[in-house]
Amino acid sequence: MTRHHGEPPAPAAGDLDVHWHAGWPSAKHDPAPEIQVHAYTEDTLILRQNKSVHYEAPFLFLLFGAERALLLDTGATEDARYFPLRRTVDGLVARWLERHPREAGQEYGLLVAHTHGHGDHVAGDGQFAGRAATTVVGREVAAVVEAFGLAHWPERLGELDLGGRVLDLIPGPGHQEAGLVLHDRRTGLLFTGDSLYPGRIYVQDPPVFAATVERLLAFCAVNPVTHVLGCHIEMSTTPGKDYPRGTTHQPDEPALQLGVDRLRALREVLARAGGRPGEYPSTDFIVHIAG
C-alpha cells in the first residue's frame, strides 16, 4: 500500500516538547489565549482551541507548502469573537510568507479541509468565506471524494500536493462517514482525527471502522510514521481513566502523540469487542461502540 516511489527521505525531525494548555479552574477567568500555537517544525504548526472556549478543545493543524497551505479542521466554535481562527491563521500565514516571500502578484493559496465532518471540527469554516485564494472542502463524503479525486472510496488512497510537500490521503470512515486520515511525507506525521487519539474513540459503524484500522496498519507497515496525532486529549495520565465529557480543566492529561503500536492495540480491542455495543477501555483510549 506504499504511496512512495523509491526510497523515501527520512522524515524531518520536529518538536513535541510542549505543555498544552488544558483549560482553567474558572473558564471565565482563564488568562490563556483562545488558541495555542506550537511549531512542530517551521512549516508544521499545531493549534489547540482553549478548553475554556469549548470543552472539546480540538487540535488543528496548519501545514505550509511552496504553493499553498493546508488548514486541517476549523474547531468547535463558529463565532470569531470567541474563537478568532481566521485572524490567527492569517497572521501565521503572513509571518510564513515574510520568511518565504512570493514573486510580485503571485498568490499563496489556503486549502481548508477536515479529518471528518462532526461539528467540533468544522464550526469555524464560515470564518474563511470570501477569503482570497481559499478553498473550503465540504464535510460530506461526496465533497471529499470530489475535492481530492478519491475514486473507489474508501478502498483507494490519494495524494495532495501543497507544492513540494505531498500528503497521503487515507479514507477513514467508521467514526464518521467522511473520515479522512492524512500522512505528511515531510515529517512522517499521521493525522488520525477522531479515529485514534488519547480519549474516547466513538465507533458508529464497527465493520467499516475495523476496515479503516486495517487500512492504516497496512499503510504504516510500508511508510515511515513518526507520530500519530489525533484531534483531542480526553484521558488522564492514569491508564484507562478519562476525564468526564464536558470537562473544561484537565490538569493531569497525557501527551497528544501516540505511536503506531496504539493502532495495533486498537485493532486488538476491536477484535475483543466483536462489534458488540459497549465501552471497552485500553491504556491510552476507551472505545465506545454505538448501540
Side-chain angles (χ1 to χ4, degrees), residues 20 22-23 27 48-49 51-52 54-60 73 75-76 114-123 139 141 154 170-181 190-220 225 227-291:
W20 295 113
R48 189 187 195 183
Q49 183 171 356
K51 289 188 75 69
S52 295
H54 196 288
Y55 71 87
E56 291 282 8
F59 288 84
L60 296 69
D73 287 347
H114 313 97
T115 59
H116 62 291
H118 284 155
D120 55 320
H121 298 264
V122 304
R139 62 193 70 177
V141 172
I170 310 165
H175 168 71
Q176 193 267 344
E177 61 182 4
L180 187 66
V181 174
L190 187 71
F191 302 102
T192 51
D194 282 6
S195 294
L196 179 60
Y197 62 97
R200 296 177 291 275
I201 311 299
Y202 293 100
V203 179
Q204 297 301 318
D205 190 324
V208 170
F209 188 81
T212 285
V213 173
E214 293 301 326
R215 193 177 301 115
L216 293 174
L217 283 167
F219 179 90
C220 293
V225 174
H227 302 285
V228 175
L229 299 182
C231 284
H232 301 280
I233 300 174
E234 297 169 346
M235 303 300 287
S236 71
T237 56
T238 301
K241 181 176 175 57
D242 62 343
Y243 282 97
R245 180 176 173 83
T247 298
T248 58
H249 183 217
Q250 297 181 173
D252 187 33
E253 65 177 25
L256 172 66
Q257 66 268 23
L258 297 172
V260 173
D261 63 316
R262 296 299 86 196
L263 274 171
R264 292 189 285 271
L266 180 56
R267 170 205 266 166
E268 293 171 2
V269 172
L270 293 172
R272 185 170 75 245
R276 295 182 295 274
E279 181 178 292
Y280 301 88
S282 186
T283 301
D284 303 293
F285 54 82
I286 301 173
V287 173
H288 292 254
I289 298 180

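All residue numbers in this chain count up from 1 along the given sequence.
Remark: Leu258 CG to Leu196 CG distance equals 5.5 Å, nearest 0.5 Å. Taking CZ of Arg267 as the start and CG of Leu216 as the end, the distance is 11.0 Å to the nearest 0.5 Å. Atom OG1 of Thr238 sits about 8.0 Å away from atom OH of Tyr243, to the nearest 0.5 Å. His175 NE2 to His116 NE2: the interatomic distance, rounded to the nearest 0.5 Å, is 3.5 Å. Atom OG1 of Thr192 sits about 11.5 Å away from atom CG of Leu180, to the nearest 0.5 Å. For the atom pair Arg200 CZ and His288 NE2, the distance stands at 6.0 Å (nearest 0.5 Å).
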Does the side chain to side chain contact (heavy atoms under 4.5 Å, CB included) test come out yes or no for Thr115 and Asp194, once each step is laid out? CA-CA 8 Å; Thr115 59; Asp194 282 6; 5.6 Å; no
Given side chain to side chain contact (heavy atoms under 4.5 Å, CB included), test Asp242 with Ser236 step by step and report yes or no. CA-CA 5 Å; Asp242 62 343; Ser236 71; over 6 Å; no
Derivation and outcome, side chain to side chain contact (heavy atoms under 4.5 Å, CB included), residues Phe59 and Ile233: CA-CA 9 Å; Phe59 288 84; Ile233 300 174; 3.8 Å; yes
Salt bridge (charged side-chain N to carboxylate O under 4.0 Å, His left out) between Glu253 and Arg48, worked out: CA-CA 14 Å; Glu253 65 177 25; Arg48 189 187 195 183; 2.7 Å; yes
Does Val287 form a side chain to side chain contact (heavy atoms under 4.5 Å, CB included) with Ile289? I'd like the steps, not just the answer. CA-CA 6 Å; Val287 173; Ile289 298 180; 3.9 Å; yes
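Shown here for Val141 and Glu177, the closest heavy-atom pair between the two residues is CG2-O, 3.2 Å. When every heavy atom of Ser195 is checked against every heavy atom of Gly172, the shortest pair comes out as OG-O, 3.8 Å. Pairing each heavy atom of Gly75 with each of Pro58, the nearest pair is CA-CG, 3.9 Å. Heavy-atom minimum distance, Arg272 versus Tyr280: NH2-CB, 4.5 Å. The shortest non-hydrogen separation linking Gln204 to Ala290 is OE1-CB, 3.8 Å. Here the shortest heavy-atom pairing between Asp73 and Cys231 reads OD2-SG, 3.4 Å.
Checked by atom type and distance alone, the side chain of Thr283 never pairs as donor or acceptor with a backbone atom of Pro239 at under 3.5 Å. A side-chain donor-acceptor contact under 3.5 Å links Lys51 to the backbone of Thr247. Remark: the backbone N or O of Pro173 is paired with a side-chain donor or acceptor of Thr212 at under 3.5 angstrom. Put simply, the side chain of Ser282 never gets that close to the backbone of Ile286: no donor and acceptor are under 3.5 Å apart. Here the side chain of Gln49 pairs a donor or acceptor atom with the backbone of Ala76 at under 3.5 angstrom. At distances below 3.5 Å, not a single donor-acceptor pair connects side-chain atoms of Arg262 with backbone N or O atoms of Phe285. Proximity of a side-chain donor or acceptor of Arg139 to a complementary backbone N or O of His114 within less than 3.5 Å is not detected.
Here the side chains of His118 and Val122 are not in contact, with every heavy-atom distance at 4.5 Å or above. In this structure, Arg245 and Tyr55 have side chains that are in contact, with non-hydrogen atoms separated by less than 4.5 Å.
Side chain to side chain, Thr237 and Asp252 meet the donor-acceptor criterion of an N or O pair below 3.5 Å. Side-chain N/O atoms of Glu234 and Tyr197 include a donor and acceptor closer than 3.5 Å. Side-chain contact check for His232 and Asp120: at least one donor-acceptor pair (N or O, by modelled atom type) lies under 3.5 Å.
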